Amino acid sequence: MKEQPKKVNFIHLQIDEDLKQGKNNERVHTRFPPEPNGYLHIGHAKSICLNFGIAKKYGGKCNLRFDDTNPSKEETEYVESIQEDVRWLGFDWEDRLFYASDYFEKLHGFAIQLIKEGKAYVDDQNSETISNQKGTPTRPGTESPFRDRSIEENLDLFMRMTAGEFDEGSKVLRAKINMASPNMHMRDPIIYRIMKAHHHRTGDKWKVYPMYDFAHGQSDYWEGITHSICTLEFEVHRPLYDWFVDQLQDSDYRPRQIEFARLNLTYTVMSKRKLLELVKDKHVNGWDDPRMPTISGFRRRGYTPESIRNFSDRIGVTKVDGMIDVSLLEYSVREHLNRTAQRVMGVLNPLKVVITNYPENESEELEAINNPEDPGMGTRKVPFSRELYIERDDFMEEPPRKFFRLAPGREVRLRYAYFVTCTKVIKDENGEIVELHCTYDPVSKGGNSPDGRKVKATLHWVSAIHAVRSEVRLYDRLFSDEDPGGHKDVDFKDFMNPDSLKVLNECYLEPFVRESKPLDHFQFERLGYFNLDYDSTTELPVFNRTVPLRDSWARAQNKK
RNA sequence: UGACCUGUGGUGUAACUGGCAACACGUCUGACUCUGGAUCAGAAGAGUCCAGGUUCGAGCCCUGGCAGGUCAACCA
């Protein structure tokens, strides 16, 4: 499947420059370093495509590393989902699956080294006191009274912290850097804290855990990462990471951190904390709810890896913090699914049609094209009979100008079938239209008119007795505001769209869909792209609408 | 009253060591069509945050502003 030609971004340019200068023996090695504290979202997909994409472009490597330094938030479930998502997106870390916890021993040794060099000390103060002494961005901090403890005492205390002799929160290990630095992160950052929590990989072995800032840069260093790509908010951490690597460095090799702007999408939230809240408080049905911007949500919704990769490439990579219109994402799926999705006919809001001049108890099979964009996908047979369903929206008793579909006395084409003319409208006692009578023209079989007669519209339809009754779930944006998380005084949940999920139970699809497996993609002609959901049973298939087709009729209506 | 980062059509990105601001999405026309889809053809829309400066020439360089973002978790 062809993908767009890859765009060059500023990171590629910097790598080119590094290569030209012969840095790091001209190696290129990146990594994708998620914390396993939630499911991956589309913003992570951008980072995954970037990091693995760079490795591919430069003939280098890309590691998958879990930054699992906080056992209180991390779980194996997340580790597994993350691997599944990265693989599904089409990327391979080969044998390079790592964990920050792989380095706990080394990190601990490094901390001891810093203590011995007089570059780290144990502080007995509580977090509030330490925080107050840090100062503010505009005012320098003040030094801790424990800053000048002897190396021996520091060593002894740190070993006893490690042994679990002290309570959580009673002591921390801090790097001794500069309390007056204009960069807050250099003001004697905490590098180890006491935590008596069970770790998903190291179990109960450790009573002290390294802070992320103390683990991340060193992990990159030990893995031989050359380009540590991360998001903008870590820019101010870079001097600290460099400081730690300075204490370790034993050659010319050094990872270079490059920051880029995280992805923001309109009408959604993109923070794990907020997504977790939606899941925990049951505002959605789990991390893979098709309305979620998670990779698993998009997968279940019917997005394809190709479309997400193309999207990632189209949005580019910069340091400008912007907001991408979801319509670009939708364009990306439509573009891919248009070329690849099996076409099928399905009626979402059925209106019964009786072809009065078609014989009773008879049926025939008509040939339909599986994908007009790809003749290689072949054709299939669609059953036709006297009683059909068409879309309610495709009939109007009093059609306005420019409504081309069925109306009393009007002739339209039933796709791949016949020309039919509406002869009678049947209503119930409430005046509700319940059935249409039509006649068909037998010589128009297949949908062609031998006499060259034109018809303004082609409708999709399903033979009533052959139809597969299904449930179809229609999704709309989860939030009604462009930037639900961007309001200071309003909680993002206040913007939740009450109509983000609409379930239709009386949908009729052509028999072809019986063959499908969960996640199979279809275009329901004239409606949109859909895929089979995991919730399907043999009695009741369930389909998700991935994205509707562009609909210029509906758009024209909306403008009024 | 700090440090760091960022300012290019509505949105997202381009513009090689200065050389007529380009592309995509979106929007709007029209053509074609057995999907009011797709496709094709075309249009509108920015003079690059502002003000100076250097230069034959500045989105790119310099100076000074302005605006936005990030940083004060024993989170990552």
Side-chain angles (χ1 to χ4, degrees), chain A residues 4 7-9 13 33-35 37 67-70 72-74 100 123 126-128 130-132 134-141 168-174 181-187 189-195 208-209 211-213 215-216 230-239 259 261 266 272-273 314-325 327-332 334-335 338-339 343 345 368-369 372-373 402-405 412-417 419 444 446-449 455-460 523-528 548-556:
Chain A
Q4 313 304 310
K7 274 198 204 169
V8 172
N9 59 52
L13 260 27
E35 182 192 11
N37 67 341
D67 273 335
D68 54 352
T69 54
N70 185 354
S72 69
K73 290 186 177 173
E74 295 147 8
D123 196 330
N126 62 32
S127 72
E128 199 192 335
I130 292 176
S131 164
N132 289 337
K134 274 222 162 131
T136 69
T138 54
R139 219 195 306 259
E168 287 189 11
S170 64
K171 285 183 171 42
V172 289
L173 183 67
R174 294 227 255 166
S181 170
N183 183 333
M184 297 288 290
H185 299 279
M186 300 300 273
R187 322 242 260 231
I190 292 167
I191 60 179
Y192 261 94
R193 75 290 214 186
I194 298 168
M195 274 185 109
V208 290
Y209 288 92
M211 297 290 290
Y212 170 84
D213 276 353
H216 188 77
C230 64
T231 44
L232 254 25
E233 69 270 27
F234 293 103
E235 205 149 27
V236 277
H237 296 236
R238 193 170 58 209
E259 306 85 8
T266 54
K272 279 202 219 167
R273 201 210 89 228
R314 259 190 271 262
I315 60 178
V317 178
T318 64
K319 301 189 74 142
V320 186
D321 208 353
M323 176 80 79
I324 308 268
D325 198 321
S327 68
L328 189 60
L329 218 207
E330 293 177 345
Y331 168 82
S332 295
R334 285 199 191 98
E335 183 211 46
N338 177 47
R339 298 187 331 252
R343 310 284 129 123
M345 289 193 285
I369 294 166
E373 306 294 320
K402 294 212 179 161
F403 180 86
F404 303 142
R405 289 110 96 148
V412 298
R413 169 169 39 233
L414 295 181
R415 179 144 231 228
Y416 300 125
F419 281 22
S444 65
N448 304 302
S449 56
V455 104
K456 280 271 212 165
T458 300
L459 309 187
H460 60 275
Q523 184 196 98
F524 291 2
E525 296 220 26
R526 305 209 302 134
L527 297 175
L549 246 35
R550 284 186 52 172
D551 186 344
S552 49
W553 164 249
R555 246 180 314 149

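What you are looking at is a predicted structure, and each value in this text was computed from that prediction instead of being measured. All values below come from the heavy atoms of this structure, side chains included, with hydrogens, waters and symmetry mates left out. Each chain gets a letter, A, B and so on, in the order the sequences are listed, and its residues count up from 1.
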Query raised in the report: Does a nitrogen or oxygen in the side chain of A/T318 sit under 4.0 Å from OP1 or OP2 of B/U13?
Result: yes
Requested in this report: Just jot down the ring-ring contact (aromatic ring centres under 6.0 Å, His included) partners of A/F524, sequence neighbours excluded, or say none.
Outcome: A/F530, A/F543
Query raised in the report: So, is A/R139 near the phosphate of B/G2, with a side-chain N or O under 4.0 Å from OP1 or OP2?
Result: no
Query raised in the report: Hey, does the side-chain of A/E373 have a donor or acceptor N/O within less than 3.5 Å of a partner on the base of B/U39?
Result: no
All N/O pairs under 3.5 Å across the protein-nucleotides 23-27 of chain B interface:
unit_1	atom_1	unit_2	atom_2	d
B/C25	OP1	A/Y331	OH	3.0
B/U27	OP1	A/R555	NH1	3.0

Query raised in the report: In whole Å, what separates the C1' atom of B/C50 from that of B/A58?
Result: 16 Å
**Report entry** Nearest-Å distance once atom C1' is located in both B/A22 and B/G59
**Finding:** 13 Å
Report task. Determine the Euclidean distance between corresponding P atoms of B/A15 and B/U8; express it in Å to zero decimal places. Result -> 14 Å
Query raised in the report: Can a donor-acceptor pair under 3.5 Å be found between the side-chain atoms of A/R526 and the base atoms of B/G36?
Result: no
Query - Residues in side chain to side chain contact (heavy atoms under 4.5 Å, CB included) contact with A/Y331, at least two apart in sequence or another chain - result: A/R314, A/E335
Report summary line: Sequence neighbours excluded, the answer for ring-ring contact (aromatic ring centres under 6.0 Å, His included) partners of A/F234 is A/Y212, A/H237
Report summary line: Its contact letters, B for base, S for sugar-phosphate only and - for none at protein heavy atoms under 4.0 Å, make nucleotides 66-74 of chain B read ---SSSBSB
Report task. Under the salt bridge (charged side-chain N to carboxylate O under 4.0 Å, His left out) rule, collect the residues that match up with A/R415, sequence neighbours excluded. Result -> A/E525
Report summary line: Sequence neighbours excluded, the answer for side chain to side chain donor-acceptor pair (under 3.5 Å) partners of A/T138 is A/T136
Query raised in the report: In chain order, what residues pass the side chain to side chain contact (heavy atoms under 4.5 Å, CB included) check against A/K319, with sequence neighbours excluded?
Result: A/F10, A/L232, A/E235, A/E259
Report task. Sequence neighbours left out, what passes side chain to side chain contact (heavy atoms under 4.5 Å, CB included) with A/S131? Give chain and number order. Result -> none
Query raised in the report: Using a cut-off of 4.0 Å on non-hydrogen atoms, how would the nucleic acid contact of A/G322 be classed: base, sugar-phosphate, or nothing?
Result: sugar-phosphate
Report summary line: Those stems involving RNA chain B that have three or more consecutive Watson-Crick or G-U pairs, both distances under 3.5 Å, are B:2-7 with B:66-71, B:10-13 with B:22-25, B:27-31 with B:39-43, B:49-53 with B:61-65
Query raised in the report: Touch check for A/E35, heavy atoms < 4.0 angstrom, all strands: base, sugar-phosphate only, or nothing?
Result: sugar-phosphate
**Report entry** Pairwise P distance for B/U63 and B/C4, with rounding to whole Å
**Finding:** 14 Å
**Report entry** Counterpart residues, salt bridge (charged side-chain N to carboxylate O under 4.0 Å, His left out), relative to A/R405 (two or more places apart)
**Finding:** A/D394
Report task. Using the C1' atoms only, state how far B/G18 lies from B/U55, rounded to an integer number of Å. Result -> 9 Å
**Report entry** Residue whose closest nucleotide on RNA chain B lies nearer the 5' end, A/I315 versus A/N448
**Finding:** A/I315
Report summary line: By salt bridge (charged side-chain N to carboxylate O under 4.0 Å, His left out), A/R187 pairs with (sequence neighbours left out) none
Query raised in the report: Quick one: do the A/D325 and A/S327 side chains pair a donor with an acceptor below 3.5 Å?
Result: yes
Query raised in the report: Quantified in whole Å, what is the P atom distance between nucleotide B/C61 and nucleotide B/C16?
Result: 11 Å
Query - Any A/S552 side-chain N or O less than 4.0 Å from OP1/OP2 of B/G37 - result: yes
